[in-house]
Amino acid sequence: MPDETPKPAPAAKPRTNFVRDIVDEHLRNGRFAAVHTRFPPEPNGYLHIGHAKSIHLNFGLARDYKGLCNLRMDDTNPETEDMEYVESIKEDVRWLGFDWQDREYYASDYYERLYQWAVELIRKGVAYVCDLTVDQVREYRGTVTRAGVPSPYRDRGVAENLDLFARMRAGEFPDGSRTLRAKIDMASPNMLLRDPLMYRIRREHHYRTGDGWCIYPTYDWAHGQSDSIEGITHSICTLEFEVHRPLYDWFLDQLGVHHPQQIEFARLNLSHTVLSKRRLLELVESRLVSGWDDPRMPTISGFRRRGVTPEAIAAFCETIGVAKDNSIVDLPLLEMCAREHLNRTVPRAMAVLRPLKVVLTNYPEDRVEEFEAVNNPEDPAAGTRRVPFSRELWIERDDFMENPPSKFFRLSPGKEVRLRYAYFIRCQEAIKDAAGNVVELRCTYDPATRGGDNPPDGRKVKATLHWVSARHAVDAEVRLYDTLFTVRDPASVPEGVDWKATLNPKSLEVVRGAKLEPGLAEARPESRWQFERLGYFCADRRDSRPGAPVFNRTVTLRDEWARLVKAGREAA
RNA sequence: UGGGGCGUAGCCAAGCGGUAAGGCAACGGACUUUGGCUCCGUCAUCGGAGGUUCGAAUCCUCCCGCCCCAGCCA
C-alpha cells in the first residue's frame, strides 16, 4: 500500500526580515564573524505553534548563515519544570526537522558558574544581599509613575554580603527570607533596573540538580549569562523582553564577558485558539482536551497527531514573516499550508463518512469487478491501485437530495452521476422507512460507462461521487475537528469572564461506522491520506489498529458546494 | 499622567525620499472522472493633522490608538 513518509523540514526560500537585516549589518561591520543562535524553551509545558515560529527563526538563521543553533533548556524554576517536558521538546524540535547535534544545554548546568559570577559582582560592589520580604520588596520598588526607594540593606559591606550570600547557598536561611539583588537604580523609569533580583531562596527539588541548590537564579540573571557562556551572537526573544534588554546588557557589561545582541520579535498568535502554556496547561489539567497532543491543541504534538506535516509548518512559519507588531494570524493560512503540502504528497482513497446504501438493480448479485484508481493525480510516480465494486454500495448521505435546488449536481430521483472510476448510475427510487427517512437508493448502472468514462452517446454528468463497495468495506472511527474556540481571540475577555467560556462544544465529532475502501484497513499509524472529496486524514498514532483503523481529519478540502450552501443560508 | 515598543487591505507582510511586492481570505471566470488541484482576472495611497521637498508610506512636529513593564515566573 502506498503511504507517505514524513521528511524533515526543508529550507524554504529565505525571506528577508528585520532580524536578518540586523544580522547582515553585524556581519558587515564586523561585530560578529559568524551566526550562533539558540532556542531556549523552559521545560514546563509542550511546545506549540508559536514556538515553531521561534524554532524556524533561530535554526533557520543558523542554517542560512552557515552558523549554529543550540537547544537550551531555560530551567531556572524548579517548581514547574519536568523531564517529561524536556523529552517532549526534544522530540518536537527533531520532528520539525532540526538538529542541535551535541549542543544540548541546560541553564541548570551553569548554576555554579552563575554563582561565581554573582560573587564577582558582590566583590565589585554592584550586588547585595537584601533581607526585605516579598511584600516589602514590592513596596520599595515603587510604581511605574513613582520612583522606588532604596532597600535599607543596599549599602551592606562587601564582606557581609559575601558571607550572607555563602550562607544563603548553604541553606542557613528560610525560603524567601533573603535575596541577592543587583545594585542599579531604584529611581530608574525602567522598573527592571530598580535593583532586580538575581537569586531567591527556594527549597524545591529540581528535576536535574535535585536538592543540590536551595537558591535559584532568576531569568534575568541566568539568561544573558547562559547566552554568553555558549558564545551566542544573536539572542532572539519575544517582544515582552524588550524592556529587559537594558538589564541583559548591564549584567554582561559588569562582567566584561562575551556580549550577544538581544533582538525582540512579535510572538505568534493564531486565531480561534490560545497560545500560552499557562492556558494550554489549564485545558490539559481540567480534562477539556485529552492531553497536550489532543489533535485540537495548537501544540506541535497536537498538530502532528492531527496530520499536519513538518513541511506545512515550515511553510507557515515562512509565510507569516517576522516583524514587531502584535498580530493574530488567521487559521486558514495554516490550513492552506497543510493542504498545499498534503495535496502534493499524500495518496488518495475513498471513504464514506455517513453511509447511504445504494443497490444497483441491474447489476448481477454475485459479480465483483475491480477498477483501477489513481493514487495521486499530482504525482504520477504514486501509481495506481485496484478498488473492488459490487451490486451494493455505500455513498455519502450528503450526496443525495430528494428535492434538490438547481445548483445541486449530485444524486436525486431520476438524475444521473458518475461513481468515480466505476460507472454512471441513475437513481430510480428512494426507499424510506416508516418515519420518512431515506434509507436506501435503487439505481441502475450503465455498462457503457465502465471505468467512469463518458458513454459513446456523448452524455455527460456534472458530478462524480466517491463510493465504497458494501461487502468489501472496512468499518472505521473517524474524528472530525472544528476550531477549539468559537471566537477569533479567546484570550481577550473582559475581566471576571472565564476565557474558557468560548470553548467550542462542537470542536470534536466522533463518527463511528464510517466505510472505507479495503486498502485502508492496514493503514500505518500516522499515515496521511486524502479521502476524495472530503479532506485530509491521518491514522491516529495512538488509537489506530490494523483492521480497526481510526482516522483524524487534518483539514477539509476546499468545498465550493459548502460555500454556495452557506452563502444561500446567509442570503435567506 | 514614567519608561519601552508598534500602527501599510478582512488577516499576515514587503517597502529604508522617486511615485504601494507577495501570501491568505473574498469575489468573478476557465478547466476538471475529486463542486479538489491548476490557471486567468478583481480587490489599499500607507492611524490622523500639519510641515520639509520638484517629489513622502518613507524625513520633522503634534495628536490618536494598541501592546509591554509594579512575580522571590519565563
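Chain letters run A, B, ... following the sequence lines, proteins first and then strands; every chain starts at 1.
Comparing the same atom, C1', in B:A44 and in B:U19 gives a spacing of 15 Å after rounding to whole Å. Look at the C1' atom in both B:U8 and B:A14: the space between them is 10 Å, to the nearest Å. Comparing the C1' positions of B:G35 and B:C31 gives an interatomic distance of 13 Å, to the nearest angstrom. Distance noted for atom C1' between B:C11 and B:G3: 31 Å (whole Å). Distance noted for atom P between B:U45 and B:U58: 16 Å (whole Å). Separation of the P atoms belonging to B:U1 and B:G41 is 49 Å when rounded to the nearest angstrom. Of the P atoms belonging to B:A21 and B:G36, the separation is 30 Å, rounded to the nearest Å. Separating the P atom of B:C43 from that of B:U38 is a span of 22 Å, rounded to the nearest Å.
Ring geometry, A:Phe389 versus A:Phe371: the interplanar angle exceeds 60°, so the pair is classed perpendicular (tilted spans 30 to 60°). Note on ring orientation: taking the six-membered ring where Trp is involved, the planes of A:Trp221 and A:Phe251 are perpendicular (angle over 60°, cut-offs 30° and 60°). A perpendicular orientation is assigned to the rings of A:Tyr85 and A:Tyr46, their planes being inclined by more than 60° (bins at 30° and 60°).
For A:Arg563, the side chain to side chain contact (heavy atoms under 4.5 Å, CB included) criterion is met by A:Arg558, A:Glu560, not counting sequence neighbours. Residues passing the side chain to side chain contact (heavy atoms under 4.5 Å, CB included) test with A:Thr384 are A:Glu372, sequence neighbours excluded. Residues passing the side chain to side chain donor-acceptor pair (under 3.5 Å) test with A:Arg397, sequence neighbours excluded: none. In this structure, the side chain to side chain contact (heavy atoms under 4.5 Å, CB included) partners of A:Val487, at least two apart in sequence or on a different chain, are A:Pro490, A:Thr502. A search for side chain to side chain donor-acceptor pair (under 3.5 Å) contacts involving A:Arg459 returns A:Glu416, A:Asp446, A:Asp457, not counting sequence neighbours. With sequence neighbours left out, the side chain to side chain contact (heavy atoms under 4.5 Å, CB included) criterion links A:Pro404 to A:Met401, A:Phe408, A:Ser412. In this structure, A:Trp394 has no side chain to side chain donor-acceptor pair (under 3.5 Å) partners at least two apart in sequence or on a different chain.
Among the protein residues, A:Asn44 comes within range of no part of the nucleic acid, since none of its heavy atoms lies under 4.0 Å from any strand. Using a 4.0 Å heavy-atom distance criterion, A:Leu132 is classed as a base contact. Within 4.0 Å (heavy atoms only), A:His244 reaches at least one base atom of the nucleic acid. Within 4.0 Å of A:Tyr199, counting heavy atoms only, lies no atom of the nucleic acid at all. If you check every strand for non-hydrogen atoms under 4.0 Å, A:Thr80 touches nothing.
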Requested in this report: Let me have a per-nucleotide readout for nucleotides 1-18 of chain B, 5' to 3', with B, S or -, counting only protein heavy atoms under 4.0 Å.
Outcome: -BBSSSSS-BSSSS-B--

Query raised in the report: When you check every protein heavy atom under 4.0 Å of nucleotides 35-48 of chain B, what one-letter string (B, S, -) results, 5' to 3'?
Result: BBS-----------

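When the nucleotides B:C72, B:C24, B:C73 are ranked by their closest atom to the side chain of A:Arg141, B:C72 comes out on top. Among B:U33, B:C69, B:C72, the nucleotide with an atom closest to any side-chain atom of A:Leu192 is B:C69.
An OP1 or OP2 oxygen of B:G71 is reached within less than 4.0 angstrom by a side-chain nitrogen or oxygen of A:Arg138. Contact check, A:Arg200 against B:G71: no side-chain N or O comes under 4.0 Å of OP1 or OP2.
Remark: A:Arg420 is not positioned above the aromatic ring of A:Trp467, lacking an NZ or CZ atom under 6.0 angstrom from the ring centre and at most 45 degrees off the axis.
Partner assigned to B:C73 is none, using Watson-Crick or G-U wobble distances below 3.5 angstrom. Nucleotide B:U45 forms no Watson-Crick or G-U wobble pair with any nucleotide shown, as no partner meets the under 3.5 Å limit on both distances. Across every strand in view, B:G7 sits in a pair with B:C64 that passes the Watson-Crick or G-U test at under 3.5 angstrom.
The distance between atom CG of A:Leu411 and atom C1' of B:U33, rounded to the nearest whole Å, is 16 Å. Spacing between atom CE of A:Met168 and atom P of B:C72 amounts to 13 Å, rounded to whole angstrom units. The separation between A:Asp220 atom CG and B:A74 atom C1' is 9 Å, rounded to whole Å. The nearest whole Å value for the distance from the CE atom in A:Met73 to the P atom in B:A74 is 16 Å. Taking atom CG on A:Asp75 and atom C1' on B:C73, their separation rounds to 14 Å, with Å as the unit. A:Trp221 has its CH2 atom 14 Å from the P atom of B:A74, to the nearest Å. At whole-Å resolution of the value, CD in A:Glu532 and C1' in B:U32 are 13 Å apart. Atom CG in A:Asp489 sits about 11 Å away from atom P in B:C67, given to the nearest Å.
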Requested in this report: Could you go through the side chain to side chain donor-acceptor pair (under 3.5 Å) check for A:Asn44 and A:Glu42 one step at a time?
Outcome: CA-CA 6 Å; A:Asn44 66 347; A:Glu42 183 190 11; 2.9 Å; yes

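Taking the O4'-C1'-N9-C4 or O4'-C1'-N1-C2 dihedral as appropriate, B:G23 has a value more than 90° from 0 and is therefore anti.
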